[in-house]
Amino acid sequence: MMQHHHICFSESRQRLALILLLCLFGWTLAQSHLAPKKKGKTDERVYLVHADELRYDVDGPNPDAQIAKGGVQFRHQGATVWCDSAFFYQESNSLRAFGHVRFKQGDTLSMTCDYAKYDGFTQILQARKKVVLRHRQQVLNTDSLNYDRLYNSAYFFEGGTLTDGDDRLVADWGQYNLDTRQAEFYFNVRMRSKETLIETDTLLYNTREQLAHILGPNSTITNKESTIDTQNAYYNTATKHAELYGRSVLVDKERIIEGDTLYYTKDGDSHGYGNVIYTDKKNKNALLADEVHYNEATGMGLATKRALMKEFSQGDTLYVHADTIRLETFHINTDSVFRKAHCYLHVRAYRKDVQAVCDSLVVNSQDSCMTMYKDPIVWNDQRQLLGERIKVFMNDSTVREARVLQQALSVEFMPEFDRYNQISSREMYAFFEEGKLRKTEALGNVCTIYYPIDDKDSTLMGMNYLETDTMRMFLTADRQLERIRTSSYKATVYPMSQIPQGKDRLENFAWFNDLRPKDKDDIYVWRPKPSSQKLKSIKRQAAPLQHL
């Protein structure tokens, strides 16, 4: 009986031991799967694959070198070097290659030179004399090139040329990364792309996107039509799109454009921001604003934020400011091309001899006409002219004719007498010869107040009040009244001491000298008319409807 228990106990211990052994094996197997696998050691050795002749220079200047000659070939981590002869330093894992040296790495990179040194530990290849590096469609020519295989970057330091399709880039020093395809060039950099030449001290060029970043003072972008001076610009050699920063200037035959930030596209779409100045050298005018948009293809433009037009074809410059200036071009690129400039809201103009204000203004080059709308006022010396609309016709750059339409009023202040000569009518016309006023016409409901001056003692002779339907005044070249022609009229002459109270002012008299721009800087300060003195347009009476 005891023997049976002993046998059972022995079998039980054996089973337990077997279970423990299986558990230990399973745990060991699991640990073997969980434990990280050790990477295989990278082979850093440079291998001599072939040479027609191989020997040691035991007694020569290179006792540590194997001298290989004839069809020499080396291999190292996916790269191959061929040459006519070489010194192979097996202990330092390096080589020196001579004659018709060729280097190849993968399918996209190859290089040729006359002489090269290669270190297998640092993986730096130093190539000298007639070096030609080819990477995809890019070709780099230089006499001194170092190529770092670890960082996949090549740099030259004794002058080099990078050719990328139609783009050719020359510099004293440069670096090219084969992964990012980004090139950096410094000192005496010149990049030619078809008809465009870029000259700068620093240029970063992305060959993948064909995008050049131009840095440094005195940088220029030149083509057949224009030159750009900049110190910070991006230029796409494929799309011809340019982004200019840091106060850049564009100059061509007929214009100058400068601004803090300028954008230009191949289709002629331009945008400028920050003190933009557009100068038309041919027509002697300029447009200034903090924001300007213009398309050369359509001839459409827009200027906002302190927009200002300058006209300097005459001796003095005319300054015109508005909230917004919009340019339209019609029949562009034809013989019948003409433009309209729309200046609207808070228009103020200044020149030494003439000043003006109005709500909006349109300049039309087709008929050389400038039209002022909504409460326009024009001052010349001590004269003021206003109406519902004022149209000024130009002959080249001088005034040919002026028209004041509806509620016309002309006032001339006589400061030495504190009196006002006045003419009011439905419409007024002024005609000029060589820029000088020679004739005026007042039509419809004409009322005048005029103070003749005694030539002997320069005193006022009295006040003439006249009502008529039409009046024409002729002036001499020095703007002196020559004669007056009028139809039937009603007139009254008052001695100076007997002028009835209130009769010295016409019913619609107004003098707005406080609104007058004082100088070219004052045009930015808007001073409106009092609401009680704003003109209300008089609509013409409609014809009665006809019934058949």
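- Listed by first then second residue, pairs satisfying salt bridge (charged side-chain N to carboxylate O under 4.0 Å, His left out) with a partner in residues 227-254 read R247-E258, R247-D260, D252-R255, not counting sequence neighbours.
- Judged as a side-chain hydrogen bond (donor to acceptor under 3.5 Å, both in side chains), and not counting sequence neighbours, T324 has no contacts.
- Side-chain atoms of Q210 do not come within 3.5 Å of backbone N or O of N206 as any donor-acceptor pair.
- Atoms CD and CZ, on E199 and R190 in that order, are 4.5 Å from each other to the nearest 0.5 Å.
- A distance of 10.5 Å separates CD1 in I257 from CG in D280, rounded to the nearest 0.5 Å.
- Atom OH of residue Y47 and atom CG of residue L95 lie 14.5 Å apart, to the nearest 0.5 angstrom.
- The ring-ring contact (aromatic ring centres under 6.0 Å, His included) search around Y319 returns none, not counting sequence neighbours.
- Applying the ring-ring contact (aromatic ring centres under 6.0 Å, His included) criterion to Y115, with sequence neighbours excluded, gives F98.
- The pair D316-K520 does not meet the salt-bridge criterion, since no charged nitrogen lies less than 4.0 angstrom from a carboxylate oxygen.
- Under the ring-ring contact (aromatic ring centres under 6.0 Å, His included) criterion, Y278 pairs with no residue, sequence neighbours left out.
- Atom OG of S248 is separated from atom CD1 of I214 by 9.0 Å, given to the nearest 0.5 angstrom.
- For Q73 (side chain) and V49 (main-chain N/O), no donor-acceptor pair under 3.5 Å exists by modelled atom type.
- Residue pairs satisfying the side chain to side chain donor-acceptor pair (under 3.5 Å) criterion with at least one member in residues 117-127, sequence neighbours excluded, are listed as follows: H76-Y118, Q77-Q123, Y118-R149.
- Shown here are the side-chain hydrogen bond (donor to acceptor under 3.5 Å, both in side chains) partners of Y147, two or more places apart in sequence or in another chain: Q105, N152.
- Here the CG-CG distance, from L361 to L345, works out to 12.5 Å after rounding to the nearest 0.5 Å.
- With sequence neighbours excluded, no residue forms a side-chain hydrogen bond (donor to acceptor under 3.5 Å, both in side chains) with T161.
- Side chain to side chain, S193 and Y235 fail the donor-acceptor criterion of an N or O pair below 3.5 Å.
- Remark: the H241 side chain and the N236 side chain contain no N/O donor-acceptor pair separated by less than 3.5 Å.
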Please tabulate, for side-chain N and O atoms in residues 326-333, each donor-acceptor pair with protein atoms closer than 3.5 Å (sequence neighbours left out).
{"residue": "E328", "atom": "OE1", "partner": "H342", "partner atom": "NE2", "Å": "2.8"}
{"residue": "T329", "atom": "OG1", "partner": "G299", "partner atom": "O", "Å": "2.6"}
{"residue": "T329", "atom": "OG1", "partner": "R339", "partner atom": "NE", "Å": "3.3"}

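- In this view, E195 and K224 satisfy the salt bridge (Lys or Arg N to Asp or Glu O under 4.0 Å) rule, not counting sequence neighbours.
- Interatomic distance, CD of Q66 versus OH of Y89, reported as 11.0 Å (0.5 Å rounding).
- For the salt bridge (charged side-chain N to carboxylate O under 4.0 Å, His left out) condition, the pairs that include at least one residue of residues 157-174, sequence neighbours left out, are D166-K194.
- No close placement of the H213 and F185 rings is indicated, their centers lying 6.0 Å or farther apart.
- In terms of the ring-ring contact (aromatic ring centres under 6.0 Å, His included) criterion, Y294 has no residue partners (sequence neighbours excluded).
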